[in-house]
**Student:** 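Structure provided below as C-alpha cells; questions to follow.
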Amino acid sequence: MSENNNPSPVEVIDTNQIIEERRSKLSKLREAGNPFPNDFERKDLAQEIHDKYGTQDKENLEELDASAIVAGRIMLKRVMGKASFATIQDMSGQIQLYINNAGIGDEEHSAFKHWDLGDIIGASGVLFKTKTGELSIRVNSLRLLTKSLRPLPEKFHGLTDQEQRYRQRYVDLIVTPEAKRNFQIRSKAIQILRTFLTERGYLEVETPMMQSIPGGATAKPFVTHHNALDMQLYLRVAPELYLKRLVVGGFEKVFEINRNFRNEGISTRHNPEFTMLEFYEAFRDYRYLMNLTETMLKELAEACVGSAQITYQGHTIDFAQPFQRLTMSEAISAHNGQFSSDNLNDLEFLRAELAKRKITCFSTDEIGMLQLKLFEETTEEKLIQPTFIVAHPKDVSPLARSNDKNPEVTDRFELFVAGREIANGFSELNDSEDQAQRFKSQAEAKAQGDDEAMFYDSDYIRALEYGMPPTAGEGIGIDRLIMLLTDSASIREVILFPQMRSE
RNA sequence: GGGCGGUUAGCUCAGCUGGUAGAGCAGUGGACUUUUAAUCCAUUGGUCGCGAGUUCGAAUCUCGCACCGCCUACCA
C-alpha cells in the first residue's frame with residue numbers, strides 16, 4: 001500500500017487539441033461579455049413538455065402556439081446551412097430545438113454553429129412538430145449559459161469503460177441513461193421505505209458513526225483518531241446498539257437509514273461504506289417482522305418497478321406471495337435431494353459432508369453451526385425466490401434472543417433473495433445478564449485473534465439493566481436491495497461514487 | 001487474498017507470424033432551410049498504461065509494476 005494518498009498540491013493540467021480549441025472559444029466569449037451568466041430563468045422541463053404536448057397532432061400544435069423556455073446540455077447537433085437542430089438534455093429528459101436564421105437571425109445562428117456538444121444553453125421558442133412528428137421547439141431566443149471545455153464521450157456508444165464510469169460519475173450520468181435511472185430508483189426506494197416506516201409511527205433518528213466501541217455486527221472496523229480528545233475512534237459497523245439504547249429510552253419504534261463502514265474486501269457485492277436500514281419496534285417479535293418485511297418489499301417493488309414481480313439477472317422474482325419460511329435443515333433438504341432431516345441431524349454425517357467439501361469445522365461446533373456451514377455451502381445461492389431462513393445458532397447471533405423451546409437457536413431470520421442475504425432480523429436479547437455473558441465470549445474470541453468478534457460494551461449492558469422492552473429489530477442492506485430493483489449485477493452500479501484505488 | 005482477461009487519439013475500437021500507427025464519432029474548414037447516431041468533401045490530432053529486457057528494429061515478444069474488469073474467498 002502506498003503511503004502517499006494525499007492529493008498532489010500541484011494541479012496537473014491535462015489538455016489536448018479539443019480542450020485547447022474550446023478554451024480559445026471561451027476566451028473569445030470572455031471578450032464579448034460574461035460567458036457564465038446567472039440570470040436565465042428556465043420555466044419548462046423537457047419531460048413536462050412531452051407529457052403536455054406529445055400527443056397533440058401537428059396542426060393542433062401550430063394552432064395552440066404554445067411557447068416554452070428550456071435549458072440544458074447540448075447532446076446532439078445537426079447543422080444544415082440556414083437551419084440547425086440540437087437535442088438538449090435536462091434533469092427530466094431531452095427535447096429537440098429547431099434553430100434557423102428566421103428565428104434568431106444570421107449572426108446568432110452562426111454563433112450557435114460554433115458551440116459544442118456538452119455546452120449548456122437556454123432557449124425559448126414555440127412548440128411544433130417536425131415532418132417526422134418529433135415534438136420540438138422553434139427557437140426565437142438562444143443563449144449560451146455555460147461553456148464546456150471537455151468533449152463528451154462518443155454520442156452513440158457513450159462511455160463503456162467501467163472504470164471511467166465509476167471514477168467520473170458526472171460524465172456517466174450525462175451520457176448513460178440507465179445509470180441515471182438506477183440512481184433515481186435508488187432515491188425513490190429510500191423515500192418509500194422512509195414513508196413506509198414513518199407512516200407506521202416510527203421515529204427516524206441518527207446515531208453516531210464515530211464510535212469508541214464499535215458494535216452491532218461481527219465485522220472489521222475502520223480505525224481513526226480524534227486529535228482534541230486524543231482518543232481512538234472507530235467508524236461504525238452497525239447502528240444496532242445505539243438504536244436499542246433509544247428503545248430503552250422510550251422511543252419504541254425507531255429507524256435509521258445511514259452508512260456503515262466495514263474494513264473488508266471490495267467486490268461486486270461489497271463497498272467499504274454501504275447503506276443500511278435498521279428498524280426496531282418494541283412489543284413485537286421476529287415473526288411480526290417477517291410479515292412486515294413481506295408487505296414492505298411488495299410495496300417497494302410495486303412503487304419502484306411497477307410490479308411485485310421483478311426481473312433480476314434473468315430470474316423472475318415474485319414479492320407478491322407470502323415468502324417461504326424454512327429452518328436451515330429444511331432449506332438444505334428442500335434444495336438438495338441427497339439430504340434428509342435424519343442425516344442433517346446426525347453430527348457425524350454433517351462433519352463428513354463438510355470435510356468432503358473442505359469446510360473448516362471446529363470440535364466445539366454444535367449441530368446448528370454445522371448445519372449453517374452446510375447451508376451456506378450448498379443452499380444459499382439456490383434461494384432465488386424470497387425465502388426466510390429461521391432459527392440460527394446462538395453462536396453466530398450474539399445479540400438475538402434465544403428460542404424458548406430450543407435455547408441453542410435464536411428467534412432470528414434472514415431473508416434471501418436471488419441467492420443473497422437481503423435482510424436480517426430477530427427478537428432482541430433484552431436480558432442484560434445473558435447479553436453480558438455473550439459479550440464475554442465475543443471478547444474472548446477477539447482475544448484469541450478473531451478480529452471480527454465484538455467488543456464488550458459495558459454502557460450497552462448498563463442500558464439493558466434499566467430494562468429494554470421485548471423488542472424486534474431488523475436490518476436491510478439498501479445497496480443490495482437497490483441492485484435487485486435495478487437489475488444491477490454490481491454494487492458499483494447503485495453507489496454514486498464507489499470506492500476505487502487512487503488514480 | 002488467489003486465478004484469468006484488459007489498458008492504442010477526447011470517446012468507441014482495429015492493428016496477423018516484430019518493419020516505425022489506422023477507422024468511426026468528436027474537433028477544424030467548406031456545402032446544405034424539417035434533421036434524427038443527419039449527409040457529403042477536405043483536414044488536425046498519438047510518450048500505443050509505466051519501467052526494464054531481447055532485437056538492426058517492439059503497440060506487437062519476455063519480465064516487473066500500476067490501474068481496471070470478471071471469477072473466486074470473507075462479509076451485508
Side-chain angles (χ1 to χ4, degrees), chain A residues 1-2 14-22 24-25 58 74-87 94 96-103 106 109 113-118 128-134 136 138 148-168 171 174-175 216-220 237-238 259-278 358-360 376-377 380 396 414-416 420-424 450-452 475-481 483 489-492 498 500-503:
Chain A
M1 263 300 187
S2 160
D14 72 322
T15 189
N16 63 49
Q17 191 190 7
I18 293 174
I19 295 176
E20 280 311 309
E21 185 73 41
R22 292 189 178 200
S24 94
K25 287 177 183 177
K58 200 169 155 65
I74 305 176
M75 300 305 288
L76 293 170
K77 195 173 155 230
R78 297 175 285 279
V79 175
M80 298 163 301
K82 296 193 181 66
S84 300
F85 286 90
T87 302
Q94 299 188 336
Q96 177 171 267
L97 305 181
Y98 176 66
I99 298 149
N100 64 1
N101 291 352
D106 299 23
H109 189 201
K113 288 176 188 173
H114 294 284
W115 296 354
D116 293 296
L117 297 187
F128 77 108
K129 278 198 171 169
T130 64
K131 61 185 185 190
T132 51
E134 179 163 348
S136 309
R138 186 181 289 115
S148 164
L149 296 178
R150 290 179 179 269
L152 288 176
E154 207 232 13
K155 62 189 177 189
F156 187 60
H157 297 95
L159 199 55
T160 63
D161 178 356
Q162 295 192 57
E163 176 176 0
Q164 239 189 104
R165 289 188 50 229
Y166 302 147
R167 286 193 195 277
Q168 293 182 257
V171 180
I174 294 169
V175 301
T218 48
K220 276 178 250 176
V237 294
R259 226 65 68 78
N260 288 348
F261 307 85
R262 297 190 185 173
N263 206 342
E264 288 160 3
I266 294 179
S267 77
T268 50
R269 287 178 283 283
H270 299 85
N271 196 61
E273 51 181 312
F274 62 100
T275 301
M276 277 281 278
L277 161 64
E278 285 201 11
K358 300 194 171 72
I359 311 289
T360 322
E376 286 175 346
E377 176 68 13
E380 204 173 292
V396 294
E414 287 183 301
L415 174 65
F416 289 87
R420 295 174 195 166
E421 187 193 334
I422 292 295
N424 175 26
D450 180 355
D451 51 7
E452 289 187 1
I476 297 180
I478 294 297
D479 311 276
R480 291 189 181 173
L481 187 59
M483 285 171 70
S490 168
I491 199 168
R492 297 186 194 100
M500 307 281 276
R501 282 195 166 78
S502 14
E503 269 181 275

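Protein chains get the first letters and strands the later ones, always in sequence-line order, with residue 1 at the start of each.
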**Student:** Students often get this wrong, so: under 4.0 angstrom with heavy atoms, is A:Q164 touching a base, only sugar-phosphate, or nothing?
**Tutor:** sugar-phosphate

**Student:** Taking the P atom in each of B:rU8 and B:rC50, what is the distance between them to the nearest angstrom?
**Tutor:** 10 Å

**Student:** Just N and O in the side chain of A:R501: are any of them under 4.0 Å from OP1 or OP2 of B:rC68?
**Tutor:**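 So the side chain of A:R501 is within the cut-off, an N or O lying under 4.0 Å from OP1 or OP2 of B:rC68.
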
**Student:** Select base, sugar-phosphate, or nothing to describe what A:L76 touches, counting heavy atoms under 4.0 Å on all strands.
**Tutor:** sugar-phosphate

**Student:** Would you indicate what A:V175 reaches in the nucleic acid, counting non-hydrogen atoms under 4.0 angstrom: base, sugar-phosphate, or nothing?
**Tutor:**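 The answer is nothing, as A:V175 stays clear of every strand by at least 4.0 Å.
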
**Student:** Students often get this wrong, so: under 4.0 angstrom with heavy atoms, is A:M500 touching a base, only sugar-phosphate, or nothing?
**Tutor:**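 The residue A:M500 makes sugar-phosphate contact but no base contact.
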
**Student:** Indicate yes or no: does A:K25 engage A:D116 in a salt bridge with an N to O separation below 4.0 Å.
**Tutor:**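 Yes, A:K25 and A:D116 are salt-bridged.
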
**Student:** Check every strand shown and say whether A:D161 touches a base, only sugar-phosphate, or nothing at a heavy-atom separation below 4.0 Å.
**Tutor:**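 Counting heavy atoms under 4.0 Å across all strands, the contact made by A:D161 is with sugar-phosphate only.
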
**Student:** Can you measure A:I18 atom CD1 to B:rC11 atom P for me and round it to whole angstrom units?
**Tutor:**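 For the pair A:I18 CD1 and B:rC11 P, the rounded distance is 9 Å.
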
**Student:** What is the distance from CZ of A:F85 to C1' of B:rU34, rounded to the nearest Å?
**Tutor:** 4 Å

**Student:** Roughly, in whole Å, what's the span from CD in A:E21 to P in B:rC11?
**Tutor:** 18 Å

**Student:** Assign A:G475 to base, sugar-phosphate, or nothing according to its heavy-atom contacts below 4.0 angstrom with the strands shown.
**Tutor:**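 No contact at all - A:G475 keeps every heavy atom at 4.0 Å or more from the nucleic acid.
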
**Student:** Can you see whether A:R78 engages A:S84 through a side-chain donor-acceptor pair at a distance of less than 3.5 angstrom?
**Tutor:** no

**Student:** Any N/O pairs under 3.5 Å between the protein and nucleotides 2-9 of chain B? List them or say none.
**Tutor:**
none

**Student:** Let's see if you can work this out: which of B:rU34, B:rG69, B:rA26 has an atom nearest to the side-chain heavy atoms of A:Q162?
**Tutor:**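 My answer, after comparing the listed nucleotides, is B:rG69.
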
**Student:** By nearest nucleotide on RNA chain B, pick out whichever of A:E421 and A:E154 is the more 5' one.
**Tutor:** A:E154

**Student:** Once you apply a heavy-atom cut-off of 4.0 Å, does A:E452 come out as touching a base, just sugar-phosphate, or nothing?
**Tutor:** sugar-phosphate

**Student:** How long is the straight-line distance from CH2 of A:W115 back to OG of A:S148, given to the nearest 0.5 Å?
**Tutor:**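 Rounded to the nearest 0.5 Å, the OG-CH2 separation comes to 13.5 Å.
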
**Student:** Salt-bridged, A:R167 to A:E163, with N to O below 4.0 Å?
**Tutor:**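 Looking at A:R167 and A:E163, the cut-off is met.
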
**Student:** Mind checking A:R167 for me? I need base, sugar-phosphate or nothing, with any heavy atom below 4.0 Å counting as a touch.
**Tutor:**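 If one applies the 4.0 Å heavy-atom cut-off, A:R167 turns out to touch the sugar-phosphate alone, with no base involved.
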
**Student:** Quick one: label A:N263 by what it contacts on the DNA or RNA (base, sugar-phosphate, nothing), any heavy atom closer than 4.0 Å.
**Tutor:** nothing

**Student:** Measure from the side-chain heavy atoms of A:R269 and tell me the nearest of B:rU72, B:rC32, B:rC11.
**Tutor:**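 Selected nucleotide: B:rU72.
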
**Student:** Between B:rU35, B:rU33, B:rC25, which nucleotide has the shortest distance from any of its atoms to the side chain of A:T130?
**Tutor:** B:rU35

**Student:** Taking only Lys NZ, Arg NE, NH1 and NH2, and the carboxylate oxygens of Asp or Glu, determine whether A:R259 and A:E273 approach each other closer than 4.0 Å.
**Tutor:** yes

**Student:** Within the pair A:R78 and B:rU35, is there a side-chain N or O less than 4.0 Å away from OP1 or OP2?
**Tutor:** no

**Student:** Quick one: CE on A:M276 to CG on A:D479, what's the gap to the nearest 0.5 Å?
**Tutor:**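 Rounded to the nearest 0.5 Å, the CE-CG separation comes to 10.0 Å.
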
**Student:** Once you apply a heavy-atom cut-off of 4.0 Å, does A:K25 come out as touching a base, just sugar-phosphate, or nothing?
**Tutor:** sugar-phosphate

**Student:** Identify which nucleotide among B:rU72, B:rG29, B:rG27 has an atom closest to any side-chain atom of A:H114, counting heavy atoms from C-beta outward.
**Tutor:** B:rG29

**Student:** Base, sugar-phosphate alone, or nothing: which one does A:F128 contact when heavy atoms must sit under 4.0 Å apart?
**Tutor:** base

**Student:** Please list each protein N or O that sits under 3.5 Å from an N or O in nucleotides 41-44 of chain B, with the distance.
**Tutor:**
{"unit_1": "B:rU44", "atom_1": "O2'", "unit_2": "A:Q17", "atom_2": "NE2", "d": "3.0"}
{"unit_1": "B:rU44", "atom_1": "O2", "unit_2": "A:Q17", "atom_2": "OE1", "d": "2.6"}
{"unit_1": "B:rU44", "atom_1": "O2", "unit_2": "A:Q17", "atom_2": "NE2", "d": "2.6"}

**Student:** Please name all residues satisfying side chain to side chain donor-acceptor pair (under 3.5 Å) with A:R269, sequence neighbours left out, ordered by chain then number.
**Tutor:**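 Counting only residues at least two positions away or on another chain, A:R269 forms no side chain to side chain donor-acceptor pair (under 3.5 Å).
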
**Student:** So what does A:R492 touch, heavy atoms closer than 4.0 Å: a base, only the sugar-phosphate, or nothing?
**Tutor:**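 Touches sugar-phosphate only.
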
**Student:** Counting side-chain heavy atoms from CB outward, which of B:rA37, B:rG27, B:rU34 is closest to A:K155?
**Tutor:**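 For A:K155, the side-chain atoms sit closest to B:rA37.
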
**Student:** Between B:rG45 atom C1' and A:I19 atom CD1, what is the distance in whole Å?
**Tutor:**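 Nearest whole value for this atom pair: 13 Å.
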
**Student:** Students often get this wrong, so: under 4.0 angstrom with heavy atoms, is A:H109 touching a base, only sugar-phosphate, or nothing?
**Tutor:** nothing

**Student:** What is the distance from atom CD of A:E421 to atom CD of A:E380, rounded to the nearest 0.5 Å?
**Tutor:**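 Rounded to the nearest 0.5 Å, the CD-CD separation comes out at 7.5 Å.
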
**Student:** With respect to the side chain of A:V79, which nucleotide from B:rA26, B:rU34, B:rC32 is positioned closest?
**Tutor:** B:rC32

**Student:** Heavy atoms under 4.0 Å, any strand shown: does A:G477 hit a base, just sugar-phosphate, or nothing?
**Tutor:** nothing

**Student:** Is there a side-chain contact between A:R150 and the phosphate of B:rG10, meaning an N or O under 4.0 Å from OP1 or OP2?
**Tutor:**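 Checking B:rG10 against A:R150, no side-chain N or O comes under 4.0 Å of OP1 or OP2.
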
**Student:** Side-chain donor or acceptor of A:T160 under 3.5 Å from a matching atom on the base of B:rU12?
**Tutor:**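 Side chain to base: no pair present.
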
**Student:** Given B:rA38, B:rG27, B:rC74, which nucleotide is nearest the side-chain atoms of A:S267?
**Tutor:**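 Selected nucleotide (nearest to the side chain): B:rC74.
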
**Student:** Give, for atom CE of A:M75 and atom CD of A:Q96, the distance between the pair rounded to the nearest 0.5 Å.
**Tutor:** 14.0 Å

**Student:** Which whole number of Å gives the distance between the P atom of B:rA42 and that of B:rC67?
**Tutor:** 45 Å

**Student:** Taking only side-chain N and O atoms of A:K82, does any of them lie within less than 4.0 angstrom of OP1 or OP2 on B:rU34?
**Tutor:** no

**Student:** If you measure from the C1' atom in B:rG15 to the same atom in B:rA21, how many Å do you get, rounded?
**Tutor:** 8 Å

